[in-house]
Amino acid sequence: MAHIKSLAPVNPKRRVDLKDYNPASQAQLPEEATVKTLIEQHTQEIGRFQELLYADGSKALLVILQGMDAAGKDGTVGKVFDHVNPMGMHVASFKSPSAVERDHDFLWRIHQAVPPLGCIGIFNRSHYEDVLVVRVHADQLLPPHLRHARHLWKRRYRRINDFERLLADNGIVILKFFLHISRQEQRRRFVERQKNPEKHWKLAASDFQERKFWPDYQHAYEQMLRHTSTPQAPWYIIPADHKWVRDYHVARIVHDTLAAMKPRPRPATDPRLITMRFT
Ligand code: ATP
Ligand code: MG
């Protein structure tokens, strides 16, 4: 709906202070039932746009999702891309790197997971883990030869920006979403998982430990958001305490971005194919 303002991307010229962003915000949205109808409309159109993207064949969309544990990355993928043909979607989840991955630069495994033209790619976590969890736990996660490297994080931001520009030059439109939840909401979701036997498998020992590092993560996120929000790959801070608010904003931005990409079916490889007679 045109009258609901879309969220603005992070402005790299200004410091990001996450305290200025309310994770429970419902600002400028109508009531939940109306928003849910809009989500359904947007997600259906996202499905249709993906078909056009495939028929066009000259562009791809890459959606990067980051957030604290239980921020709802999986839930967002399920909801926003519900109507996309699985053949047109590539989802990559990035876990702690394997021994082989660790013996390469941090973008090596990422580059291989970039979606082919015509598709929508989703990164559930991404190369940004290398300036987030790796920054918070640098003493354990950084390879020894990098522990004293000067300006390491700023250099990584530059490498990331260059990498994303390379992708953009190849026709890949990039959207990055930070699913911003509050510490209380994360606790609530963890406790809910403890109460539901079907969700016990989701709990990890690290869920308890990492909460102690909440302020360090927030700081790493603030730095990352500011230094890697670029015109070709903007960051959006999504209020994510309410799932319907989160889904609405992400669906809306993905929808509007696909519309602006104007995917058009490419013509026949040979114009004679259009008029040739079948025997
Ligand atoms: P959920 O939010 O449901 O817990 P998840 O994305 O956390 O899902 P997990 O299998 O629990 O999935 O965790 C993946 C873990 O891998 C995360 O803790 C993440 O920080 C870690 N990880 C991802 N990339 C890297 C990296 N480059 N270096 C170190 N750890 C990483
Ligand atoms: Mg986890």
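First listed ligand is number 1; within each ligand, the first listed atom is number 1.
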Practice task
Measure centre to centre between the rings of H249 and Y236, then say whether the value is under 6.0 Å.
Solution key: no
Problem - Min N/O separation E129 to ligand 1 under 3.5 Å - result: yes
Handout entry: Per-atom contacts, ligand 1 versus D130 - under 4.0 Å to a heavy atom
Key = 27 (N)
Problem - R156 (side chain) donor-acceptor with V131 (main chain) under 3.5 angstrom - result: no
Exercise for the section: Under 4.0 Å, heavy atoms only, figure out whether ligand 1 is touched by the backbone of D207, its side chain, both or neither. Expected result: neither
Problem - Donor + acceptor pair across side chains of S58, R266 (<3.5 Å) - result: no
Practice task
Run the numbers for me: atoms of ligand 1, each under 4.0 Å from some heavy atom of V134, listed by number.
Solution key: 28 (N)
Fill in the blank from the handout: Check: of G75, A70, S96, min heavy-atom distance to atom 16 (O) of ligand 1 comes from S96
Completion exercise
One finds that the ligand 1 atoms under 4.0 Å from a non-hydrogen atom of P97 are 25 (C), 26 (C), 27 (N), 28 (N), 29 (C)
Practice task
Using atom types as modelled and distance alone, determine if a side-chain donor or acceptor of S229 lies under 3.5 Å from a backbone N or O of V10.
Solution key: yes
Practice task
Just go through R125, R109, R102, K199 and tell me whose heavy atom is the nearest to atom 5 (P) of ligand 1.
Solution key: R125
Exercise for the section: Measure the distance from atom 11 (O) of ligand 1 to every protein heavy atom, then report the residue, atom name and distance (to 0.1 Å) of the closest one. Expected result: D69 OD1, 4.6 Å
Practice task
Using salt bridge (Lys or Arg N to Asp or Glu O under 4.0 Å) as the criterion, list what pairs up with D207, not counting sequence neighbours.
Solution key: none
Problem - Backbone of R211 reached by a side-chain donor or acceptor of R183 within 3.5 Å - result: yes
Problem - Protein non-hydrogen atom found under 4.0 Å from atom 30 (N) of ligand 1 - result: yes
Practice task
Please determine if E51 and R48 form a salt bridge, counting it only when a charged side-chain N lies under 4.0 Å from a carboxylate O.
Solution key: no
Exercise for the section: Taking atom types as modelled, find out whether E210 and Y217 have a side-chain donor-acceptor pair closer than 3.5 angstrom. Expected result: yes
Handout entry: In the protein, N/O/S atoms that are found under 2.8 Å from the Mg ion (ligand 2), waters not counted
Key = D69 OD1
Practice task
Please identify each residue that fulfils salt bridge (Lys or Arg N to Asp or Glu O under 4.0 Å) with E45, with sequence neighbours left out.
Solution key: none
Completion exercise
heavy-atom search around atom 9 (P) of ligand 1 in the protein gives K95 NZ, 3.7 Å
Exercise for the section: Can you run down the ring-ring contact (aromatic ring centres under 6.0 Å, His included) pairs that involve residues 113-149, sequence neighbours left out, and say none if there aren't any? Expected result: F94-F123, H127-F163, Y128-W235, H137-F213
Handout entry: Residue part near ligand 1, for K73, under 4.0 Å between non-hydrogen atoms
Key = side chain
Practice task
Check for a donor-acceptor pair, side chain of R147 on one end and backbone N or O of L142 on the other, with a separation under 3.5 Å.
Solution key: yes
